[in-house]
Number of protein chains: 2
Amino acid sequence: MRKQAATRQSDVLDVLNQHDKPMTAYAILDQMKVGEPGLAAPTIYRTLAALTEQGRAHKLESINAFVPCRCAHETSVPVLAICEECLAVEEHDGAQLLPQLTALSQKSAFEPTRHIVEIHGRCQTCAT
Amino acid sequence: MRKQAATRQSDVLDVLNQHDKPMTAYAILDQMKVGEPGLAAPTIYRTLAALTEQGRAHKLESINAFVPCRCAHETSVPVLAICEECLAVEEHDGAQLLPQLTALSQKSAFEPTRHIVEIHGRCQTCAT
DNA sequence: AGAATTTATTTTATAATATAACAAATTTGG
DNA sequence: CCAAATTTGTTATATTATAAAATAAATTCT
Ligand SMILES: [Zn+2]
Ligand SMILES: [Zn+2]
Ligand SMILES: [Zn+2]
Ligand SMILES: [Zn+2]
């Protein structure tokens, strides 16, 4: 059996939204295999690629995990703060960073297509 | 036979410096195995962990590769611009970004320990 | 110095992450 | 409809990273 990409995407997004921590592709896969045992990794990776391209989810590059976008910052810079203790992720809009990032790129006539900003540390709850 | 960590570290840094593109851990391993066939992945990963902790090398989190630090910005924010076409990496010091990044963290009383800033795009040479 | 203990490094094996290549179903344009 | 193009599913494999066991060096103690 086969599902449309759009359906897959909202299914995966649902799974992401049902968890309050970032999920790896394989964690998502395991979750979805409960109801759909035949499912395999490439389906998940393809769906995640679509979701991140659309800005509906983000990949945390530094921990190889994914979160749903909760920010609606299509045109801007997502800033993802990751608690190293509890793995909670806080999402901010980094529009304010753009001028400075652009200035850095211009130093060497680099043409940016995507900015990655992640902050590791401790969330309020975990900071003693 | 066995080598001191410090020696391993400068060996690995030498390999990184001899290439003008970022290298994966396994690319470094292959290179070093030429002269030292017994070498295995954990040695490389341990050495890279030490080098990145010391700020003598950086991991490009978005492409799982490493470059030697050419910036001497121990206390600041490394900004790594990666050309998606030729993989050249330009390193900048992002000290100017710190106030804004700090402001974002403070919004939710997040205590940052490490900032990750990467820019994907095209370098001057590859931008037509 | 020489044995006992600790620590650091290497090796082996395996886990986790990601993609290539192929097969099957669906859609599109005639 | 039918053929061609596209999208989705499946199988197999490549890449990245780490756990656990084995070994070697260094340290401590007698
Ligand atoms: Zn977002
Ligand atoms: Zn936390
Ligand atoms: Zn640097
Ligand atoms: Zn380039």
Side-chain angles (χ1 to χ4, degrees), chain A residues 1-13 15-16 19 21-54 57-67 80 82 84 87 89 114 116 118 120, chain B residues 1-13 15-16 19 21-54 57-67 80 82 84 87 89 114 116 118 120:
Chain A
M1 215 182 324
R2 197 182 138 167
K3 280 197 178 184
Q4 295 291 357
T7 309
R8 280 264 174 259
Q9 288 161 24
S10 54
D11 288 355
V12 166
L13 210 52
V15 171
L16 285 177
H19 286 71
K21 297 289 161 70
M23 298 180 81
T24 65
Y26 278 82
I28 296 167
L29 176 59
D30 288 346
Q31 182 70 31
M32 296 193 52
K33 277 213 278 202
V34 173
E36 211 175 342
L39 218 53
T43 300
I44 303 298
Y45 279 101
R46 268 200 291 254
T47 305
L48 286 169
L51 286 171
T52 52
E53 262 174 44
Q54 295 164 26
H58 299 292
K59 178 173 186 184
L60 304 170
E61 299 284 354
S62 56
I63 61 170
N64 298 318
F66 299 82
V67 288
L80 298 150
I82 306 160
E84 288 181 332
L87 284 187
V89 173
R114 177 181 166 222
I116 296 161
E118 295 177 16
H120 282 224
Chain B
M1 217 180 322
R2 193 183 138 168
K3 278 199 179 184
Q4 293 293 353
T7 308
R8 280 265 175 261
Q9 288 162 23
S10 55
D11 287 356
V12 167
L13 211 51
V15 171
L16 284 177
H19 286 71
K21 297 288 162 67
M23 298 180 81
T24 65
Y26 278 83
I28 296 167
L29 176 59
D30 288 346
Q31 183 69 34
M32 296 193 49
K33 276 213 279 203
V34 173
E36 210 176 341
L39 217 54
T43 300
I44 303 299
Y45 278 101
R46 209 160 358 83
T47 305
L48 286 169
L51 285 171
T52 52
E53 262 174 45
Q54 296 163 26
H58 299 292
K59 179 174 187 183
L60 304 170
E61 300 285 354
S62 56
I63 61 170
N64 299 318
F66 298 83
V67 288
L80 298 150
I82 306 160
E84 288 180 332
L87 285 187
V89 173
R114 177 181 165 221
I116 298 162
E118 295 176 15
H120 282 224

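The model shown is predicted, which means the values in this text are computed figures rather than measured ones. First the proteins, then the strands, lettered A, B, ... as listed; each starts at 1.
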Can you check the [X] [atom1] to [N] [atom2] distance for me, whole Å?
X     : N      : atom1 : atom2 : answer
A/I63 : D/dT18 : CD1   : C1'   : 17 Å
A/L39 : D/dT8  : CG    : P     : 13 Å
B/L29 : C/dT9  : CG    : C1'   : 15 Å
A/L60 : C/dA16 : CG    : P     : 19 Å
A/I28 : C/dT17 : CD1   : P     : 11 Å
A/L48 : C/dA16 : CG    : C1'   : 15 Å

side-chain N/O A/Q4 vs C/dT27 OP1/OP2, d < 4.0 Å: yes
Contact letters for nucleotides 18-23 of chain C, in which S counts primed atoms plus P, OP1 and OP2 and B counts the base, heavy atoms under 4.0 Å: BBB---
Pairwise distance [atom1]([X]) to [atom2]([Y]) - rounded to 0.5 angstrom:
X     : Y     : atom1 : atom2 : result
A/L29 : A/Y26 : CG    : OH    : 7.0 Å
B/Q31 : B/D11 : CD    : CG    : 11.5 Å
A/I28 : A/L39 : CD1   : CG    : 11.0 Å

Under 3.5 Å donor-acceptor, A/E118 side chain and A/L60 backbone: no
Step-by-step side-chain contact (heavy atoms from CB on, under 4.5 Å) determination, B/H58 to B/L51: CA-CA 8 Å; B/H58 299 292; B/L51 285 171; over 6 Å; no
Which residue lies more 5' along DNA chain C, comparing B/A40 with B/A6 via nearest heavy atoms: B/A6
Test log, rule side-chain contact (heavy atoms from CB on, under 4.5 Å), inputs B/H120 and A/I116: CA-CA 8 Å; B/H120 282 224; A/I116 296 161; 3.6 Å; yes
